[in-house]
Engineer: 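Pasting a structure here, questions to come.
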Number of protein chains: 2
Amino acid sequence: MDAALHESPARMLARAGIEATPLRLAVVGAMAGAGRALPAGDILALVRRLRPANRVTLYRILDLLVEKGLARRHSAGDRAQRYCLEPGTAGAPHGHAYCVRCGAMQCLPQGAGLADVAALGAGLAMDVLSVEVRIDGVCAACRESKGRPAGAAVDGDPGNS
Amino acid sequence: MDAALHESPARMLARAGIEATPLRLAVVGAMAGAGRALPAGDILALVRRLRPANRVTLYRILDLLVEKGLARRHSAGDRAQRYCLEPGTAGAPHGHAYCVRCGAMQCLPQGAGLADVAALGAGLAMDVLSVEVRIDGVCAACRESKGRPAGAAVDGDPGNS
DNA sequence: CCGACAATGCAACAAAGTTGCATCACAAAG
DNA sequence: CTTTGTGATGCAACTTTGTTGCATTGTCGG
Ligand SMILES: [Mn+2]
Ligand SMILES: [Mn+2]
Ligand SMILES: [Zn+2]
Ligand SMILES: [Zn+2]
């Protein structure tokens, strides 16, 4: 996609008040421009194309990114949490489309359809913190390829740590 | 709550084409009238007030209920899936309000705020199967009690199996 | 060089769910 | 009444995903 639209990983970390380290830059780089929310395992595989990386450290970095507001954590139908970068400008939430076949979780354009869900939360006798909207289904790629799941996962074998 | 509003567990199973067994009746009974989506662990604890029950069998029963359309499985912010009975009449989806503090997941009234989310799914190059809407926040009970979480869990010790 | 302090790595652990296989219950057949 | 088949249940081991405690490394101010 159009790389010019994206801030550099270094700037993103700076904006969130997180000290830049090689691993953190690699993690943010892996998530940037994906256009979808990735499970920790996929992010780890992507980062390991560039450098060795420890599983636990990755989880700690992801926790930090979420805590500092740079990333969001989303639950899908399966057991793994997905992480996607907050769209640059603000904390406006966005929904996701989850393929129950291949596990891909596409980020949807901001604001789409979420307005009245947020309104719904307002009447709830609850301090609303966030709103999760997920559309489950079978993605176009998986609908075609009847056989194996379409974009099943990031390649690259396991191993290190 | 008003028990007269609820179908009997036996009837629910019959309607879904599931053979009734004592355990299955107990499971459906535990879920019925809860008004919220319960994690498997809570359902197990409730069932065990009545009879011994095996963890694996419970998971198999829950899978069966979901497969036959009698129950729905929902993911929350934590690692445990929640299960709630489909409201009697139809497959109309409903959203949930999840308390990040005590883990309670309240079922919201049907239709509330989900109309345009469903519409959003229609434009998606994806075979839409279902729509998940979850409002995360801190429930009223937890907001008051600053100390320990409010409705933390179903009581009853672990043990059996 | 020295100590402080954050980042990383490693091993063990934990929670939730799954798998394979043994057993049980019960009904139909002989 | 006994045999035999089938689905439901139980049990142990395992997998996946994430977490915790603690050791090690690296960096920066003095
Ligand atoms: Mn996203
Ligand atoms: Mn519900
Ligand atoms: Zn797919
Ligand atoms: Zn609560």
Side-chain angles (χ1 to χ4, degrees), chain A residues 9-10 13-14 16-28 37-45 47-48 50-68 70-71 73-83 100 103 105 152-154 157-161, chain B residues 9-10 13 16-28 37-45 47-48 50-68 71 73-83 100 103 105 152-154 157-161:
Chain A
L13 290 175
I18 301 174
E19 189 181 346
T21 71
L23 236 195
R24 288 172 181 174
L25 288 168
V27 169
V28 172
L38 299 172
D42 282 14
I43 297 174
L44 189 59
V47 167
R48 282 180 174 165
L50 306 178
R51 48 178 358 280
N54 182 270
R55 213 164 65 86
V56 176
T57 307
L58 172 64
Y59 281 118
R60 288 197 277 234
I61 290 173
L62 291 172
D63 287 347
L64 180 68
L65 297 181
V66 169
E67 181 189 315
K68 294 295 187 176
L70 189 52
R73 192 193 334 259
H74 303 281
S75 50
D78 64 2
R79 197 135 8 116
Q81 303 282 95
R82 317 282 154 133
Y83 298 86
V100 299
M105 194 184 213
V154 172
D157 50 7
N160 192 334
S161 257
Chain B
L13 289 174
I18 301 174
E19 189 181 346
T21 70
L23 235 195
R24 287 171 183 175
L25 288 167
V27 169
V28 172
L38 300 172
D42 282 13
I43 297 174
L44 189 59
V47 167
R48 281 180 175 164
L50 308 176
R51 47 178 357 279
N54 181 271
R55 213 164 63 87
V56 175
T57 307
L58 171 66
Y59 281 120
R60 288 197 278 234
I61 290 173
L62 292 172
D63 287 347
L64 181 66
L65 297 182
V66 170
E67 180 189 314
K68 295 292 188 181
R73 195 195 329 261
H74 302 280
S75 49
D78 63 4
R79 197 135 10 119
Q81 304 282 92
R82 316 282 153 130
Y83 298 86
V100 299
M105 194 185 212
V154 172
D157 50 7
N160 191 332
S161 261

Engineer: What residues form a side-chain contact (heavy atoms from CB on, under 4.5 Å) with A:A20, not counting sequence neighbours?
Structural biologist: A:L13, A:L25
Engineer: According to side-chain hydrogen bond (donor to acceptor under 3.5 Å, both in side chains), who are the partners of A:R79, at least two apart in sequence or on a separate chain?
Structural biologist: none
Engineer: Under the 3.5 angstrom rule, does the side chain of B:S75 hit a backbone N or O of A:A76 as a donor-acceptor pair?
Structural biologist: yes
Engineer: Which whole-number value in Å describes the distance from A:L62 CG to C:dA7 P?
Structural biologist: 15 Å
Engineer: My understanding is that only residues two or more places apart in sequence, or in another chain, count here; which of them pass salt bridge (charged side-chain N to carboxylate O under 4.0 Å, His left out) with A:R24?
Structural biologist: none
Engineer: Pairs under 3.5 angstrom, nitrogen or oxygen only, protein versus nucleotides 25-30 of chain D, please.
Structural biologist:
none

Engineer: Take atom CG of B:L58 and atom C1' of C:dA15, then tell me their distance rounded to the nearest Å.
Structural biologist: 15 Å
Engineer: So, A:R82 side chain and A:M105 main chain: donor-acceptor pair closer than 3.5 Å or not?
Structural biologist: no
Engineer: Grab the two heavy atoms, one from B:L58 and one from B:A40, that are nearest each other, plus how far apart they are.
Structural biologist: CD2-O, 3.3 Å
Engineer: Among all residues two or more places apart in sequence or in another chain, which pass the side-chain hydrogen bond (donor to acceptor under 3.5 Å, both in side chains) test with A:R73?
Structural biologist: A:D63, A:Y83
Engineer: To the nearest angstrom, how far is A:L23 atom CG from D:dT24 atom C1'?
Structural biologist: 16 Å
Engineer: Check nucleotides 17-19 of chain D against the protein and report each pair of N or O atoms closer than 3.5 Å, with its distance, or say if there are none.
Structural biologist:
residue, atom, partner, partner atom, Å
D:dT17, O2, B:R79, NH1, 3.4
D:dG18, OP1, A:Q81, N, 2.8
D:dG18, OP2, A:Y59, OH, 2.7
D:dG18, N7, A:R55, NH1, 3.0
D:dG18, O6, A:R55, NH2, 3.0

Engineer: Please tell me if B:T57 has a side-chain N or O lying less than 4.0 Å from either OP1 or OP2 of D:dG10.
Structural biologist: yes
Engineer: From CG of B:L65 over to C1' of D:dA8, roughly how many Å is that when rounded to an integer?
Structural biologist: 14 Å
Engineer: Rounded to whole angstrom units, what separation is found between the CG atom of A:L44 and the P atom of C:dG9?
Structural biologist: 10 Å
Engineer: What is the distance, to the nearest angstrom, from the CD atom on B:E67 to the C1' atom on D:dG7?
Structural biologist: 14 Å
Engineer: Rounding to a whole Å, what distance do you find between B:L38:CG and C:dA16:P?
Structural biologist: 14 Å
Engineer: Counting side-chain heavy atoms from CB outward, which of D:dG10, C:dA7, C:dG9 is closest to B:N54?
Structural biologist: D:dG10
Engineer: Kindly give the heavy-atom pair with the smallest separation between B:V27 and B:L62, and that separation in Å.
Structural biologist: CG1-CD2, 4.2 Å
Engineer: Which heavy atom in A:P22 sits nearest to a heavy atom in A:R51, and how many Å separate them?
Structural biologist: CB-NH2, 3.5 Å
Engineer: Quick one: is B:T21 getting a side-chain N or O under 4.0 Å of the D:dA8 phosphate, OP1 or OP2?
Structural biologist: no
Engineer: Should the side chain of B:R60 and the base of D:dG7 be counted as holding a donor-acceptor pair, with the cut-off at 3.5 Å?
Structural biologist: no
